[in-house]
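One is the number of the first residue; the rest follow in order along the sequence.
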Amino acid sequence: MASAIVDTPHEPVWWDPLADLRDAGSPAVDVFMSGTVFLDIVFTGLPASPAAGTEVWASGMASCPGGIANLAVAAARLGLRTSLAAGFGDDVYADFLWQTLADQERVDLSRSRRFAGWHSPVTVSMAVQRDRSMVTHGHELPIGADELIGIPPRCRAVITSIGEGAAAPVLPSWVARSRQDGALVFADAGWDPTGTWDPALLRTLAGCDAFMPNAVEAMHYTRTDTPRAALRALAEHVPFAVVTLGGEGAIAIDGVTGEVAEVPALPVDALDPTGAGDVFGAALVLGTIAGWPLEHRLRFAGVSAALAVHEFGGSLAAPGWGDIGDWWRRTRACAAEGNPASVELARRYGFLEDLVPRTHVCGVRRAAATIARHSDVTRP
């Protein structure tokens with residue numbers, strides 16, 4: 001697959017993995033989504049969780065956009081032209097969130113709005129070893145998603161969430177409209193805090209092209225005992241079924257191409273798993289739009305997610321093509337030196353040789369402890 005360097009005056013160099021698919025009739029947007037954007041404040045390096053009446057000092061801290069922003073940033077950093085519909089407040093937090101997404105990450109916010117007197121949702125996350133605890137505060141958006149979005153943009157794909165304890169799982173009307181206009185619908189489920197796991201969700205999948213739950217969600221909704229049994233059950237309801245297995249990798253059935261694949265997870269020393277599932281999903285969307293073989297899609301999604309957990313900070317831990325290219329070149333170099341593990345990785349991921357850019361592309365920004373100055377957000 002050929003790709004292209006995108007370079008405009010006074011702007012960084014970006015990689016376009018879908019260059020060969022673009023022509024005068026192509027949609028201006030590759031992937032569209034809607035949801036809540038949080039200000040995430042992540043404390044890292046805690047020796048222990050704070051007990052009642054005590055104070056614990058953290059050795060590290062990160063501030064970044066969270067919530068649906070995890071997915072939007074992941075998609076944009078992989079070269080997908082990404083559009084997001086979300087509500088933003090009129091506070092300083094919202095200034096930071098908006099500028100980070102629009103100016104730094106190039107996420108289209110033309111269908112997002114700012115609301116006077118509505119403050120930004122905030123999540124504080126405390127990372128202790130490999131576990132997390134979170135505290136969140138926020139309010140419902142003054143208007144619903146359909147009113148916020150209006151007519152969704154013409155796009156190649158949309159990503160949405162269904163279930164999550166809803167009394168009657170349904171697809172938002174804007175999702176159905178996008179599908180009628182030719183967009184592929186990728187859906188995930190989310191955790192059901194009610195414990196109901198309403199099997200009616202399976203009927204909702206008739207309006208989707210792909211479903212990407214984790215193993216626990218998949219087994220609960222299908223009333224099966226193993227992830228593979230759950231995958232087979234889901235494949236009866238949706239053309240492209242994927243079940244993620246955490247540290248064991250992912251399995252999938254693509255009924256459109258007839259492919260079945262199972263790939264192990266890439267060994268990694270995880271620092272912060274926040275947003276890794278969103279990175280996996282964004283990479284899977286890219287590979288599907290680009291028409292890659294199923295095994296390559298799963299492996300690419302896996303390596304992208306693995307690179308994300310090497311960094312703290314959710315959305316801004318997502319890798320760009322420079323990160324992926326650096327990993328591939330290091331792996332290839334170690335394989336050339338005869339390292340057995342690297343030799344095997346080079347064999348499994350050899351398809352990356354035709355995907356990663358051979359010239360320098362812009363690096364990505366990582367989460368910082370403090371909210372950036374306005375001038376710092378837009379600095380090349």
Side-chain angles (χ1 to χ4, degrees), residues 1 3-8 11-19 29-33 35 37 40 62-84 86 97-109 155-157 159 186 266 268 271-290 292 297 299-329 352 355-357 359-368 372 377-380:
M1 181 196 74
S3 302
I5 290 287
V6 178
D7 190 10
T8 54
E11 291 186 5
V13 178
W14 299 89
W15 185 244
D16 184 0
L18 298 181
V29 172
D30 292 326
V31 60
F32 178 67
M33 63 196 71
V37 175
D40 278 2
S63 300
C64 57
I68 191 66
N70 292 333
L71 183 57
V73 171
R77 288 186 169 187
L78 291 177
L80 291 169
R81 297 177 181 177
T82 303
S83 183
L84 168 65
L97 297 171
W98 187 286
Q99 290 175 349
T100 300
L101 291 169
D103 300 338
Q104 176 178 306
E105 302 299 331
R106 305 186 310 150
V107 174
D108 169 55
L109 299 179
C155 56
R156 300 177 190 271
I159 307 177
F186 291 78
L266 188 70
V268 63
L271 296 179
D272 182 3
T274 307
D278 295 306
V279 173
F280 185 96
L284 201 64
V285 170
L286 168 59
T288 302
I289 292 174
W292 301 347
R297 282 180 269 168
R299 290 195 184 279
F300 180 78
V303 73
S304 299
L307 292 174
V309 303
H310 271 297
E311 303 283 345
F312 287 108
S315 64
L316 301 187
W321 277 100
D323 299 301
I324 297 168
D326 288 345
W327 178 84
W328 170 241
R329 283 183 284 272
L352 289 177
L355 298 180
V356 298
T359 56
H360 174 74
V361 297
C362 65
V364 297
R365 301 289 292 275
R366 301 302 183 190
V377 170
T378 56
R379 187 178 62 201

Chemist: Among residues at least two apart in sequence or on other chains, which ones pass salt bridge (charged side-chain N to carboxylate O under 4.0 Å, His left out) with Asp108?
Modeler: none
Chemist: Taking all non-hydrogen atoms of both residues, which atom of Leu284 and which atom of Thr288 are closest, and how far apart?
Modeler: O-OG1, 2.8 Å
Chemist: Using the side chain to side chain contact (heavy atoms under 4.5 Å, CB included) criterion, which residues pair with Ala62? Sequence neighbours excluded.
Modeler: Val42, Ala367
Chemist: For Phe186, what residues pass the ring pair (Phe, Tyr, Trp, His ring centres under 6.0 Å) criterion, not counting sequence neighbours?
Modeler: none
Chemist: Take Asp16 and Arg81 through the side-chain contact (heavy atoms from CB on, under 4.5 Å) test and state the conclusion after the steps.
Modeler: CA-CA 9 Å; Asp16 184 0; Arg81 297 177 181 177; 3.9 Å; yes
Chemist: So Val356 and Trp15, do their side chains get closer than 4.5 Å, heavy atoms only?
Modeler: no
Chemist: Do you know the tightest heavy-atom contact between Ala86 and Gly35?
Modeler: CB-O, 3.3 Å
Chemist: Using salt bridge (charged side-chain N to carboxylate O under 4.0 Å, His left out) as the criterion, list what pairs up with Arg297, not counting sequence neighbours.
Modeler: Asp254, Glu259
Chemist: Kindly state each residue pair satisfying salt bridge (Lys or Arg N to Asp or Glu O under 4.0 Å) with at least one member in residues 65-79, sequence neighbours excluded.
Modeler: Arg77-Glu105
Chemist: Using ring pair (Phe, Tyr, Trp, His ring centres under 6.0 Å) as the criterion, list what pairs up with Trp327, not counting sequence neighbours.
Modeler: Tyr349
Chemist: Who pairs with Trp328 by side-chain hydrogen bond (donor to acceptor under 3.5 Å, both in side chains), at least two apart in sequence or on another chain?
Modeler: Glu353
Chemist: Is it true that a side-chain atom of Ser315 and a backbone atom of Pro65 form a donor plus acceptor pair closer than 3.5 Å?
Modeler: yes
Chemist: Would you call Ile324 and Phe300 a side-chain contact if the rule is heavy atoms closer than 4.5 Å?
Modeler: yes
Chemist: Could you tell me which residues satisfy salt bridge (charged side-chain N to carboxylate O under 4.0 Å, His left out) with Asp30, sequence neighbours excluded, listed by chain and number?
Modeler: Arg22, Arg156
Chemist: Taking side chain to side chain contact (heavy atoms under 4.5 Å, CB included) as the definition, give me every residue that meets it alongside Ala72, ordered by chain and number, with sequence neighbours left out.
Modeler: Met33, Thr82, Leu84, Val107
Chemist: Report yes if the side chains of Ile289 and Val31 come closer than 4.5 Å at any heavy-atom pair, otherwise no.
Modeler: no
Chemist: Which atoms form the tightest heavy-atom contact between Asp40 and Gly67, and what is the distance?
Modeler: OD2-N, 4.4 Å
Chemist: Could you work out, with side chain to side chain contact (heavy atoms under 4.5 Å, CB included) as the rule, every residue matching Ala282, not counting sequence neighbours?
Modeler: Leu71, Ala74, Ala75, Leu78
Chemist: How many angstroms lie between CD1 in Ile159 and CD1 in Ile68, if you round to the nearest 0.5 Å?
Modeler: 7.5 Å
Chemist: Which heavy-atom pair separates Pro17 from Leu286 by the least distance, and what is that distance?
Modeler: CG-CD1, 3.8 Å
Chemist: Nearest heavy-atom pair of Ala283 and Ala301: which atoms, and what distance?
Modeler: CB-CA, 3.5 Å
Chemist: Do you know the tightest heavy-atom contact between Ala69 and Val37?
Modeler: CB-CG1, 4.2 Å
Chemist: So how far is it from Asn70 CG to Cys64 SG, rounded to the nearest 0.5 Å?
Modeler: 7.0 Å
